[in-house]
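Only a predicted model underlies this, so the values are computations on that prediction, with no experimental measurement involved. Chain letters run A, B, ... following the sequence lines, proteins first, then strands; residues in each count from 1.
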Amino acid sequence: MTLPRPPLLSWLLALVFALLPGRGLAHPMPTTTLQLDLHPSSVTADLALPLNELQLATRWNLLGNASALEQYGPQLRTYLRRHLAATTPSGQAWAVEIGEPTLSQVQQAATGPYQEFVVPVQLTPPAGASTRAFTLRYDAIVHQVVTHSVLVSIRRDWERGLNKESGNENVEVGVIRTDPRTGQVPLLPVNQAQGNAWQGFVGIFKLGMQHIAEGTDHLLFLLTLLLPAPLLAVMNRRPHWGAFGGPRRSLLNIVKITTAFTVGHSLTLLLGTLRIVNVPDAPIEALIAVSILVSAVHALRPIFPGRELVIAGGFGLIHGLAFSSTLAELDLSPWQTALSLLGFNLGIEAMQLIVIAVTMPWLILLAQTRLYTPVRTLGASLAVLASLGWLGDRVGLANPLGTLADSLGAAGPWALLALAALALLGFAFRRAGNQGVSTS
Amino acid sequence: MKKALFAVPLSLALLLAGCGTTTTDTGGGTDTGTGGDPISTGTAAEVVTAANAFLATLSTGQQSSVVLTRTESNSTTWSNLPVGAATRNGLALSSLTETQRAAALAVVKAATGTAANEGYDETTQLLAADDVLAGSQSGYGSGLYYLAFLNTPSTTGQWQLQFGGHHLAYNITYNAGAVTGATPKFTGIEPKCWSVTGSTVNVITSGCPAPGTSGSTTTYAPLYQEQQGMVNMLAGLSSTQLASAKLSQTFSDVLLGPGEDGQFPSTKSGLAVSGLSADQKALVLAAIKPWVQDVDDTTAAALLGIYENELDSTYIAYSGSTGLTSTADYVRIDGPSVWIEFVCQNGIVYRSQIHYHTVWRDHTRDYGASFSF
C-alpha cells in the first residue's frame, strides 16, 4: 500500500480560499435541509426547518415567539413522526427516531436572516439491510406549502471519504418538492454507491491534515515548542537561552519533540475514539491554551530544559483528546475505526512535517545570528498573548485578544515569508560582516 | 467555533447545489426551429431596428456577450433572485456607456407597452425600486439589469429578447417578424411603494396608495394595478364563489417561477369563470390586463383577445386572505393559455413589510412554443 502524495499544493490553495470572503448566495425562499450521515448500521441526520415556512404549514405561532421551542418542541416531534419515514427498496419499514429540536439562526444573503428548528434524526434499517439504499418519504411543510423545497444531501459517508469536518461539500441526493403538475410529493430514492476502505482511509488522512492546518492553536503550540529547539539552555542563577546548538543537535531535538507529541496524542486519540476515556471538550480546549502558554514561557526562559520530551508528550495527550471527539462522532465499525485512527494520525503527522519543513530551516539559520533573540522573544510573546486570549475565551471570558488569536492563522503565511526574509538577510549579513554568534 | 467555520461554506455550497437544481431541472426540450403561431406583428420591426442600433454602439467583444445562441438552456436562464445569486445572459446596464445604455433601453422601450404604469413605464419603475433597495443593501440596483438577444435579431428568423435582473424577467420571442411569445415574464417588487420629494426617497410602510404626483411629491407603485385588479376580482365574488375559489394549499412564492417551465398543474383548481356573471368576467379580464399590457400594445391587445375568448375555460383561485396584504396571500388565474400568479412574501430588505412576486406564463406560447418541457 502506498501513501497518497501529500497534496501540499491543494492544501495551500484550500487555505487561500478559506481566507477569501464568502460570496453571498441565496435561494428563493428559506429551504428545509436534510443532511444525512451514513454509518454501517444506521443513518443519522440533521433536519433544519425554517420557522416562517413551518408556521405557514402548521399555523403554529412561531415567528417572533421567544418560547417557540419550549412551546412547540413536543408537537414538532409528533408532526415529524407523521411526515418522515424510510423503507428498504423492497418496502420494509425502517425505525425512525426523532431527537430533541434546537433553535438556531441562519444567515442567508438574499432572503435575509431567519430562524430554523434543527432536529437530529436516526433512521435504522431492519437487521441485515444496507444503509446505502433506501426510499425516503418526507413531506413536512411541503405537504401544505407547495412552493417549499427540501434539499437532501449526504454530509458524512466514511466509505467514500466524505466527512463534513474536512470541509467536503455535501453530496446532493435530491430536492423534495411538490410536483406542480400532479400536486403529489414524490418519494426520494437514496442510492449511494459503495465506497471502500481506501477512500475512507484517505478521507480521514485528509481530515488529520486539516486538523493541524486549520487548528491555529495546535500549530502555534507546535511552533512555540520548536522555537528554542536550536538553542542550548544556560542554567545558571538566571537561566536563559544561549548559543546555537549546531544543526545536528537542533534537528535531533525537533525530531524528538514532534515524536513525543505524536506518541502522546496517538495514545489519547485511541482511548477517546474507543470511548475508553470520555472528557468534555471545554476543559480540554482550556488545557490546550495552557499548553501554549507554558511552551511560550519556556521559549522565553528555559523552565524545563532537557524535559521537552516529557512536556511535549504530556501535552500531546491533551491535544489527542481534542481530536478524538471528531472520530467518535463518525460512529464507525471497529475495522473502520482502526483504519481511521491510522489515517488520522498519519494525516496529522504529514501536516506537522510540512509545517516543520517550511519553518525549521529558517529558525536554524536565524539561530546562528543575533536576530534570533528578538525573533524568538517576539514569537514567544505573541504566543503568550494568544494563549491568554484563548484561555479567557475558553473559560467563558470573551475578549478581543481571543478573537485576534483566532485570526492568527490568516497571518501565518506572511509571518513565514517574513521569517524567511529575515533569516536570509541575517545570515547573509553575518557572513559579510563575519560576525560571531553571540555566545553569552 | 470550528464547527461554525465549517457550517458557513457548507451551507453556501448546499444552497448553490439547490439553486443549481431548480434552474437546470427543466427536462430535455429542444428548439424546434419553427416556433409557435404568430400572435401579432406587434413592434417586431421597430425592435429589430432598435436592436441593431444598440449593437452598432458596441464593441465586437460586447456584441458577442449580447448575441447568444438560442438554446433551451439560454432561453430558460432568468430568475427572480438578485444577480449575485443567479447569473443572467447578456450585458449589464452598469457596464455600458451613457450612449450604449440609452440604446439598450430603447430596445426595451420598443418591445414593451405604452400604457401608464405598465409596459416600459412599469419597467423603469421596477429598476428604480431596485435603486431604492441599493440604498440600503448591496447587490441591487438598476445597473444590474441585463439585455441579451438569443439569436441575431431579425425580421426573418427566430430570436428571443431577454431583459431582466432582480424582480424582472422579460422573455419575448419573435419569429419571422411577428411576436410568438411574450412569456414567461416575471415581475416582483420591493419596496412595493415609495415616494420621492426632490431627492428624498421615502419608503411607504403602511398600505400602498395609487401612484401619482401631488405637489413636488411623486408616489411610485409599479404593481398597483396588478394588485388592485386581483383584489377587485376577488371582491366581486360571493362568499359561496370565494369558498370554491379557495385553495387548501399554501404558497410562499409563485408555483411556476424560474426553472419551473412547462410544469402547469394537470388539472385546474379553484372557481370556473364560466359560471360567473358578465360583470365578474369583466373583473377577471381586467385583472389579466395589467400583466398583458407589459408587452407592446398590439400584441397585448391580441393576447387579451385570446384570453377573453378562453375565459369560459379559465379558473381563478386564491389562498390566504383576499386582501393580498399578508404573507402567503396568493391568487392565480389559469386558463387554456393564460397563467398568472401573484403572491405576497415576507420582506427581504424591508423586513416589516411584505413584497410581491408575480409570474405571467402562457400554456402554449412560453418561449414562442419552441421547447417541449
Participant: Tell me if a side-chain donor or acceptor on B:Gln249 pairs with a main-chain N or O of A:Thr147 at a distance below 3.5 Å.
Facilitator: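 Flag not set: sc B:Gln249 to bb A:Thr147 has no pair under 3.5 Å.
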Participant: How many angstroms lie between atom OG of B:Ser252 and atom CD of A:Gln55, to the nearest 0.5 angstrom?
Facilitator: 12.5 Å
Participant: Does atom OH (B:Tyr315) have a neighbourhood of more than 12 heavy atoms from anything else shown, all under 6.0 Å?
Facilitator: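 At most 12 heavy atoms, drawn from other residues, nucleotides or ligands, come within 6.0 Å of this atom.
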Participant: So that I can tick it off, tell me whether B:Glu260 and A:Arg181 are bridged by a salt bridge, with the cut-off set at under 4.0 angstrom between side-chain N and carboxylate O.
Facilitator: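 Result for this pair is no, no salt bridge flagged.
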Participant: By a 4.5 Å heavy-atom criterion (distance strictly below it), what part of B:Val343 contacts chain A: side chain, backbone, both, or neither?
Facilitator: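 The answer is neither part of B:Val343.
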Participant: What is the distance from atom NE2 of A:His148 to atom CZ of B:Phe251, rounded to the nearest 0.5 Å?
Facilitator: 14.5 Å
Participant: By a 4.5 Å heavy-atom criterion (distance strictly below it), what part of A:Asp179 contacts chain B: side chain, backbone, both, or neither?
Facilitator: side chain
Participant: Nearest 0.5 Å, what's the CG-OG1 distance between A:Leu63 and B:Thr327?
Facilitator: 8.5 Å
Participant: Any chance you could lay out the side chain to side chain contact (heavy atoms under 4.5 Å, CB included) test for A:Val146 and B:Thr250, step after step, and finish with the verdict?
Facilitator: CA-CA 6 Å; A:Val146 292; B:Thr250 307; over 6 Å; no
Participant: Donor-acceptor check, side chain of B:Ser266 to backbone of A:Thr182, threshold 3.5 angstrom: yes or no?
Facilitator: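 Here the side-chain-to-backbone pair does not exist.
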Participant: Answer with side chain, backbone, both or neither: which region of B:Ser248 has an atom nearer than 4.5 Å to a non-hydrogen atom of chain A?
Facilitator: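 Only the backbone of B:Ser248 comes within 4.5 Å of chain A.
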Participant: What is the minimum heavy-atom distance between B:Leu255 and A:Arg177, and which atoms define it?
Facilitator: O-NH2, 3.3 Å
